[in-house]
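Computation of the quantities below employed the complete heavy-atom set of this structure, encompassing side-chain atoms and omitting hydrogens, waters and symmetry-equivalent molecules. In each ligand, atom 1 is the first atom listed, and ligand 1 is the first ligand listed.
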Amino acid sequence: MILSEQKPFDEILAFLEKDNSVFVLGCNGCAQSSGSGGPRQVEEMSEKLAAAGKKVTGSKVIDFLCEKALVKSGLKRRVDQLKEADAVLVLTCGIGVQCVAAALNKPVYPGCNTVNLGGSRGEWEGTERCYECGQCLLYHTGGICPLTACTKSLVSGACGGANHGKCEISPDRDCGWELIYNRLKERGLLDRLDDLIKPLDHKKIMPRPEMMATPRYGLENPPQAEKPAEEVKAK
Ligand code: SF4
Ligand code: SF4
């Protein structure tokens, strides 16, 4: 389970400022359970966007947007609606948005922030990763997460140390910011690099107090004094 909540509608409209038409995509997995991107929320979002003057070319809810094969097969019959849309708004977690952005050759925008769940979670094991930062930046980065793709989690651009596309810290890894640059270039979105990305609010990366107060969080994160003796000794 990955917890997500919808971004404020004003932020979503700002993403769509230069777009006249949009396709809305939701997820029947965690986003449906979170109440952020299931069938009802997709329908409501489509209505709100239409009321705000955007042409909604179509919408679809797919079982698990964190699995690219399901994204592709689920959208097979929607090719015309997708073609007609300037952008795709995705109501789900950061992993799902990244998977859709990797699967479709279109501007893909996050409609949700992924919230720190403060513990273990089940998800489809793909290449996409999300740190649950609570302030999803994927609009600015072509659908590639700068926190997980860049070894230093830089959110405002490359460090300049990459060598032949590989990260200066981990030469076995592609430079996350080169991937972002190439994705934006490929989609004609290089002007996104001019966006001013606000510094991250690190409070949002922590689990929320109400989450930390749950018995499940307490079980997974016992206070130091309550940890088994061997575990404390080994540290
Ligand atoms: S920017 Fe990255 S870490 Fe933050 S919610 Fe989006 S995918 Fe997750
Ligand atoms: S080389 Fe690229 S991935 Fe590595 S830290 Fe610098 S910007 Fe990030």
Side-chain angles (χ1 to χ4, degrees), residues 1-8 11-12 14-15 25 27 29-31 34 36-37 64-68 71 88-104 107-185 189 192-193 195-208 211:
M1 166 79 184
I2 298 178
L3 191 62
S4 58
E5 61 187 15
Q6 272 187 21
K7 284 179 176 287
E11 188 178 345
I12 292 173
F15 292 164
L25 194 50
C27 176
C30 311
S34 301
S36 59
F64 298 104
L65 288 179
C66 51
E67 214 297 299
K68 289 192 278 284
V71 174
V88 179
L89 177 70
V90 189
L91 299 179
T92 194
C93 70
I95 294 178
V97 179
Q98 291 180 70
C99 285
V100 175
L104 298 180
V108 170
Y109 306 154
C112 296
N113 290 320
T114 308
V115 178
N116 193 314
L117 198 52
S120 58
R121 55 215 182 149
E123 69 196 39
W124 200 282
E125 271 295 295
T127 48
E128 291 74 16
R129 292 284 178 273
C130 169
Y131 278 167
E132 304 174 339
C133 75
Q135 48 216 300
C136 194
L137 304 169
L138 293 173
Y139 166 81
H140 305 282
T141 56
I144 295 174
C145 173
L147 279 88
T148 56
C150 168
T151 315
K152 296 178 196 163
S153 296
L154 301 175
V155 296
S156 51
C159 70
N163 188 3
H164 293 102
K166 297 292 178 188
C167 173
E168 69 167 355
I169 304 285
S170 309
D172 55 324
R173 285 182 56 167
D174 291 330
C175 166
W177 272 97
E178 273 208 38
L179 296 177
I180 291 169
Y181 176 87
N182 290 336
R183 169 73 62 77
L184 291 173
K185 188 172 176 194
L189 298 171
R192 295 278 156 83
L193 292 175
D195 293 350
L196 185 64
I197 300 181
K198 285 193 219 149
L200 285 181
D201 179 350
H202 285 268
K203 282 202 295 299
K204 292 188 177 168
I205 302 180
M206 295 294 294
R208 293 175 177 174
M211 199 72 78

Proximal ligand 2 atoms for A162, defined as those under 4.0 Å from one of its heavy atoms: 1 (S)
Aromatic plane relationship, H140 with F15 - under 30° parallel, 30 to 60° tilted, over 60° perpendicular: perpendicular
Considering C136, G96, C145 one by one, which has a heavy atom nearer to atom 5 (S) of ligand 1 than any of the others? C136
Between G157 and W177, what is the shortest heavy-atom contact and its length? N-CZ2, 3.3 Å
Can you list the steps and then say if R173 with L179 is a side-chain contact (heavy atoms from CB on, under 4.5 Å)? CA-CA 11 Å; R173 285 182 56 167; L179 296 177; over 6 Å; no
heavy-atom search around atom 8 (Fe) of ligand 1 in the protein gives C130 SG, 2.3 Å
Which atoms of ligand 2 have any heavy atom of C167 under 4.0 Å away? 1 (S), 3 (S), 4 (Fe), 5 (S)
Show the numbers, then the answer: is there a side-chain contact (heavy atoms from CB on, under 4.5 Å) between R192 and R183? CA-CA 11 Å; R192 295 278 156 83; R183 169 73 62 77; over 6 Å; no
Which residue supplies the protein heavy atom nearest to atom 1 (S) of ligand 2, what is that atom called, and how far is it? E168 N, 3.4 Å
Distance check below 2.8 Å: does C175 bring an N, O or S atom to atom 2 (Fe) of ligand 2? yes
If the cut-off is 4.0 Å to any non-hydrogen atom of C159, which atoms of ligand 2 fall inside it? 1 (S), 5 (S), 6 (Fe), 7 (S)
Of the options K7, Q135, E5, which is the one that meets N113 in a side chain to side chain donor-acceptor pair (under 3.5 Å)? K7
V108 versus V90: any side-chain heavy-atom pair under 4.5 Å? yes
So if I count the atoms of ligand 2 from 1 in the order they appear, which ones are less than 4.0 Å from some heavy atom of C150? 3 (S), 5 (S), 7 (S), 8 (Fe)
Looking only at protein heavy atoms, which one is nearest to atom 3 (S) of ligand 1, and how far off is it? Y131 N, 3.1 Å
Test of understanding: given a 4.0 Å heavy-atom threshold, classify the contact between Q98 and ligand 1 as side chain, backbone, both, or neither. side chain
Taking the non-hydrogen atoms of T148, is any one of them nearer than 4.0 angstrom to ligand 1? no
Passing option when V115 is tested against I205, I2, L3 for side chain to side chain contact (heavy atoms under 4.5 Å, CB included): L3
Run the side-chain contact (heavy atoms from CB on, under 4.5 Å) test on L91 and S36 for me, step by step, so that the C-alpha distance in whole Å, both residues' side-chain angles and the decisive distance to 0.1 Å come before the verdict. CA-CA 7 Å; L91 299 179; S36 59; over 6 Å; no
Among protein heavy atoms, which sits nearest to atom 4 (Fe) of ligand 1, and what does the distance come to when rounded to 0.1 Å? C133 SG, 2.3 Å
Find all atoms of ligand 1 within a distance of less than 4.0 Å from any non-hydrogen atom belonging to E132, and give their numbers and elements. 3 (S), 8 (Fe)
Short list, please: which atoms of ligand 2 are under 4.0 Å from a heavy atom of G176? 3 (S)
Non-hydrogen side-chain atoms of T114 and I95 separated by less than 4.5 Å: no
